[in-house]
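Contents: one structure, followed by commentary.
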Amino acid sequence: MNSMDAKPPGIIDEVKMVHGGGSGDWFPAEEIRKYTNVFLIQGDRLLLGYKKRGLGIHKYNGFGGKVEPNESTLDAAQRELQEEAGIIAPLEHAGTLLFVVPGSKWAHIDIFRAEEYSGTIAESDEMRPEWFNKGEIPFDNMWDTDRYWLPLLLANRPFSGRADYEKKGEDFILKKWWFGINPNTVSQANQCI
Ligand SMILES: Nc1nc2c([nH]c(=O)n2[C@H]2C[C@H](O)[C@@H](COP(=O)(O)OP(=O)(O)OP(=O)(O)O)O2)c(=O)[nH]1
């Protein structure tokens, strides 16, 4: 078995590798902090937000942020979608990403998808929403590993993965990554943890 085939530390879901790369050891364990991220899909279009401040500034991303104490992950995802894009939507759990940077808490990000919404999409202090055709997603202006798992989210294939970065000044340098899917699930909503 290739060493990259083995699930990295922190991945607990029953998944098999579909993408992996990089070199060196996985970074050591840290305390975990929970985050959310939401992607809205309408037919051939995907709604992204251009991040105006904070972590991931000037990148396109889904809408999300930290899960507050005493808040469920789903409630946090709905709150962040409302705060950052002005809408509410029924959410389906799509995948999990461990975002690892040495010296910081691990970000355990629960990623959701929605295909309908209510309200009016609106720019916020943090995000400028913009629609993209599924064939024109700006992966070069997103976090480096989104190109591996966003197609799985669009295909409704629950995924689980890990991305290790090193921070150099303001830049995040991707060191190692691993993404897997459960080969037995074709299209299934996951429980949110
Ligand atoms: N797509 C993608 N999203 C990521 C990656 N890493 C990462 O932290 N994120 C997401 C998780 C969160 O949705 C967002 C970071 O949350 P945030 O710092 O904006 O949190 P927040 O809204 O609570 O921030 P604030 O109010 O404290 O300013 O970025 C990644 O590799 N890919």
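Order of appearance sets the numbers: ligands from 1, and atoms from 1 within every ligand. Residue indices begin at 1 and follow the sequence shown.
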- Message: Please confirm whether E84 approaches ligand 1 to less than 4.0 Å, judged on its heavy atoms.
- Response: yes
- Query: Purely on distance, is any nitrogen or oxygen of T145 under 3.5 Å from one on ligand 1?
  - Reply: no
- Check: R79 and E71 side chains under 4.5 Å, non-hydrogen atoms: yes
- Message: Looking at ligand 1, would W149 count as a contact under a 4.0 Å heavy-atom criterion?
- Response: yes
- Message: With the threshold set at under 4.0 angstrom, would you say L150 reaches ligand 1 through any of its heavy atoms?
- Response: no
- Side chain or backbone of I111 under 4.0 Å from ligand 1, or both, or neither, by non-hydrogen atoms? neither
- Query: Does the N or O separation between D146 and ligand 1 drop below 3.5 Å for any pair?
  - Reply: yes
- Message: Tell me whether ligand 1 is touched by M142 - counting only heavy atoms on the residue side and a distance under 4.0 Å.
- Response: no
- Query: Can you find an N/O atom of K51 closer than 3.5 Å to an N/O atom of ligand 1?
  - Reply: yes
- Any idea which atoms of ligand 1 are less than 4.0 Å away from a heavy-atom of L55? 8 (O), 18 (O)
- Task: May I ask which of Y60, Y165, F63, W143 has a heavy atom nearer to atom 5 (C) of ligand 1 than the others do?
- Result: W143
- Would you check whether T36 reaches within less than 4.0 Å of ligand 1, judged by its heavy atoms? yes
- Message: I'd like to know if I57 and Y60 are part of one continuous hydrophobic network [Ile/Leu/Val/Met/Phe/Trp/Tyr, side-chain heavy atoms within less than 4.5 Å].
- Response: no
- Message: Closer than 3.5 angstrom, by distance alone: can the side chain of K134 be matched with the main-chain N or O of G43 as a donor-acceptor pair?
- Response: yes
- Message: Only heavy atoms of N37, strictly under 4.0 Å: list the atoms of ligand 1 that pass.
- Response: 1 (N), 2 (C), 3 (N), 13 (O)
